[in-house]
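Just follow the structure's listing: the first ligand is 1, and inside any ligand the first atom is 1. Positions are given from 1, in the same order as the sequence printed here.
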Amino acid sequence: ETAILANKFRGCLVSAVLGDCLGAPYEGEESEEISKVVLQKYFDKLEGPYFKSPQKMYTDDTSMTKTVAESLIHIGGFDAKDMADRFVKEFYKDPRRGYGQNVIDVFAKLRKRTTDDVFLPAQEQFGGSGSYGNGGAMRIAPVPLFCHKSYDNMLHVAKQSTLITHSNVLGINGALLQCIAIHQSLALNPDEPLDVKKFSSDLKRKMSVIEETETSDDDSDSEAGNAYVEQLEAMDKLLEKDLGGIPISDEEVERTLGTSVAALHSVPTAIFCFLRAQNPIPDIKTDNIVRRTLQYAISLGGDTDTIASMAGAIAGAFCGYEAINENVQKHCEGVEEAISAADKIHSIIEGS
Ligand code: R7I
Ligand code: MG
Ligand code: MG
Ligand code: MG
C-alpha cells in the first residue's frame, strides 16, 4: 500500500511538470487558434521513439512548486519565513520563468523587508485586496502529499503557504480547492472507474464548509460568498451534458468556467478537465487518462501551462507514475527533480 502511495506522489508531481512544460508554448492563445490536429501530433511525437529535441522548459508554476516542496522537506513541516525566503531566492536566481506581473512586487518587498511578517507584502497587493491570481493554486501540489494524513493540517498549510503571495479570499480558496482535489485523487483506486459525481459532490461539500466559514467569521471580506461552490455547480452541469452525450464546445467551457489567470476561472476548469477526461473526448486519440487530461486542458487555450499543470497534478495523483508515458518525460525540464521531491516527501511521512 505504501508503494502505491509513493507511486501516486510521483505521478502527481511529474504530471504537474508535464502540464507546465507542454502547456507553456500555448499560454495566452485562444482555443480556436490551437488546432486539435496539431496538438494530437505534438503529443504523438513527444510520446513516440525518443529523439533529442525539443526540450520543453518549465515556467514559474514548476519553479514555485519545487520551492514549496524543498521548504517542506528541509524544515520537515511548514515554516512561512523559510518558504518566503526560498521563493525570493529562487525568483532572483532565475527570474525569467514567466512569473505573474504583480507577484514580482511581492518578491521585491519581501527581499527588502525589515520585519519578520512575511505576509504583509501580499496583503498590500491590488490596493489592499490582495491577488486573486492562480499562483497559490498552481504550486500547491506538494502540500496534499506532505499533509495527506491530516486533512485539517493540510488546509492550514495550504492557506498559510498561499498567503505569502496571495491574500485575496478567491486566491486562497482556489488553492484550497486544488489541494482538496489532489487529496481526493490520492485516496482513490485507479483500477476502478472514477465516480465523477461523487468526486464532485465531495468537493462541493468541503468547499461549502470553507466558504461558509469565510463569510461568517471574516467580516472584512465577505463578498466572495459561495463563488467556488457555484463554479462547481456549473461544472456539474457541463459534466452531466457530456455524460448525456450532448457535445460541449471549448467556447462553452471558456464562457462557463473560464481559462484565465484568475484562480476562480482556472482551478474549477482544471478539475473539470480531469473529470471529463475519465471518458473519451472528441479529437483526442489516446486511452491514457493523464495524457487525455493534459491534451484537453491545453486545447482550451488561455492559461494553458497552469490549467494543464493543475489538471495534471490531480490526474497523476489518481493514476500514479506508472501511467505516465516515459518518452514524454524526457522532453520536459524538471522531471527528475519532481521524482526526487516526491520520494523525499514520501519517505518523511512514512518514516514518522
Ligand atoms: O497569481 P500569480 O502568481 O500568476 C500566476 C500566473 C500563472 O498563469 C503563471 O503561469 C504565470 O503566467 O502567472 O501572479 P499575480 O501577479 O499575483 O496574478 C496574476 C494576474 O492576475 C495579475 O498580473 C493580474 O493581471 C491578475 N489579478 C488581478 N487583477 C486585478 N485585480 C490578480 N489579482 C487581481 C486583482 O485583484
Ligand atoms: Mg479549440
Ligand atoms: Mg507559468
Ligand atoms: Mg500560467
Side-chain angles (χ1 to χ4, degrees), residues 16-31 34 56-68 83-84 86-88 90-91 94-110 119-141 158-159 161-178 220-221 223-224 227 254 257-270 273 294 297-313 332-334 338:
V17 171
L18 298 191
D20 182 22
C21 291
L22 301 176
Y26 296 94
E27 193 180 25
E29 286 190 33
E30 307 276 341
S31 72
I34 302 169
K56 302 286 174 192
M57 307 293 275
Y58 66 71
T59 76
D60 59 322
D61 304 56
T62 299
S63 303
M64 295 196 81
T65 304
K66 266 184 352 158
T67 302
V68 169
M83 197 175 282
R86 285 172 191 271
F87 284 150
V88 170
E90 174 64 29
F91 172 70
D94 191 8
R96 297 179 65 166
R97 292 283 183 178
Y99 282 87
Q101 282 300 309
N102 291 275
V103 77
I104 292 170
D105 297 345
V106 176
F107 298 142
K109 287 183 182 175
L110 280 172
F119 299 112
L120 222 52
Q123 287 163 16
E124 292 168 3
Q125 290 295 95
F126 297 98
S129 60
S131 173
Y132 55 57
N134 54 23
M138 77 182 181
R139 65 175 189 247
I140 208 69
K159 181 169 179 176
S161 67
T162 298
L163 281 169
I164 297 168
T165 52
H166 292 65
S167 70
N168 188 292
V169 67
L170 292 174
I172 298 164
N173 287 354
L176 294 179
L177 176 57
Q178 172 66 10
S220 63
D221 200 335
E223 73 207 64
E254 194 188 332
L257 299 176
T259 56
S260 76
V261 294
L264 185 63
H265 299 118
S266 51
V267 178
T269 316
C273 290
L294 296 176
I298 294 168
S299 77
L300 295 174
D303 194 1
T304 49
D305 61 338
T306 306
I307 296 173
S309 181
M310 295 191 296
C332 296
E333 183 194 18

In terms of atom number and element, which parts of ligand 1 are under 4.0 angstrom from non-hydrogen atoms of H166?
1 (O), 2 (P), 3 (O), 17 (O)

So which heavy atom in the protein is nearest atom 30 (C) of ligand 1, and how far is it from that ligand atom?
Y132 OH, 3.2 Å

All heavy atoms of Y99 vs all of P95, minimum pair found to be CD1-O, 3.5 Å

Please determine whether the number of non-hydrogen atoms from other residues, nucleotides or ligands lying under 6.0 Å from atom NZ of K109 exceeds 12.
yes

Using a 4.0 Å cutoff against the non-hydrogen atoms of Q101, which atoms of ligand 1 qualify?
16 (O), 23 (O)

Note, Q125 side chain near D105 side chain (heavy atom, < 4.5 Å):
yes

Atom 22 (C) of ligand 1: which of N168, T59, N102 has the nearest heavy atom?
N102

In this structure, which one of T67, T165, T62 forms a side-chain hydrogen bond (donor to acceptor under 3.5 Å, both in side chains) with R139?
T165

Indicate yes or no: at least one non-hydrogen side-chain atom of D303 is less than 4.5 angstrom from one of N134.
yes

Side-chain heavy-atom pair T304, E29 within 4.5 angstrom cut-off
no

Sub-4.0 Å atoms of ligand 1 with respect to non-hydrogen atoms of D61:
9 (C), 10 (O)

Number of protein N/O/S atoms less than 2.8 Å from the Mg ion (ligand 4)?
4

Residue pair L110 / P121: nearest heavy atoms and the distance that separates them:
CD2-CG, 3.8 Å

Quick one: does S167's side chain have a donor or acceptor within less than 3.5 Å of a partner on L163's backbone?
no

Any donor-acceptor N or O pair under 3.5 Å, side chains T306, D61:
yes

Pick whichever of G98, G128, G135 has a heavy atom sitting closest to atom 3 (O) of ligand 1.
G135

Ligand-side contact atoms (ligand 1) for residue partner D305, heavy atom cut-off under 4.0 Å
10 (O)

Do the non-hydrogen side-chain atoms of M64 and F91 ever get within less than 4.5 Å of each other?
no

May I ask whether G130 places a heavy atom under 4.0 Å from ligand 1?
yes

To atom 20 (C) of ligand 1, the nearest of V261, D20, V106, D303 on a heavy-atom basis is V261

Just heavy atoms, cut-off under 4.0 Å: does E27 contact ligand 1 by side chain, backbone, both, or neither?
side chain

What part of F126, side chain, backbone, both or neither, has a heavy atom within less than 4.0 angstrom of ligand 1?
side chain

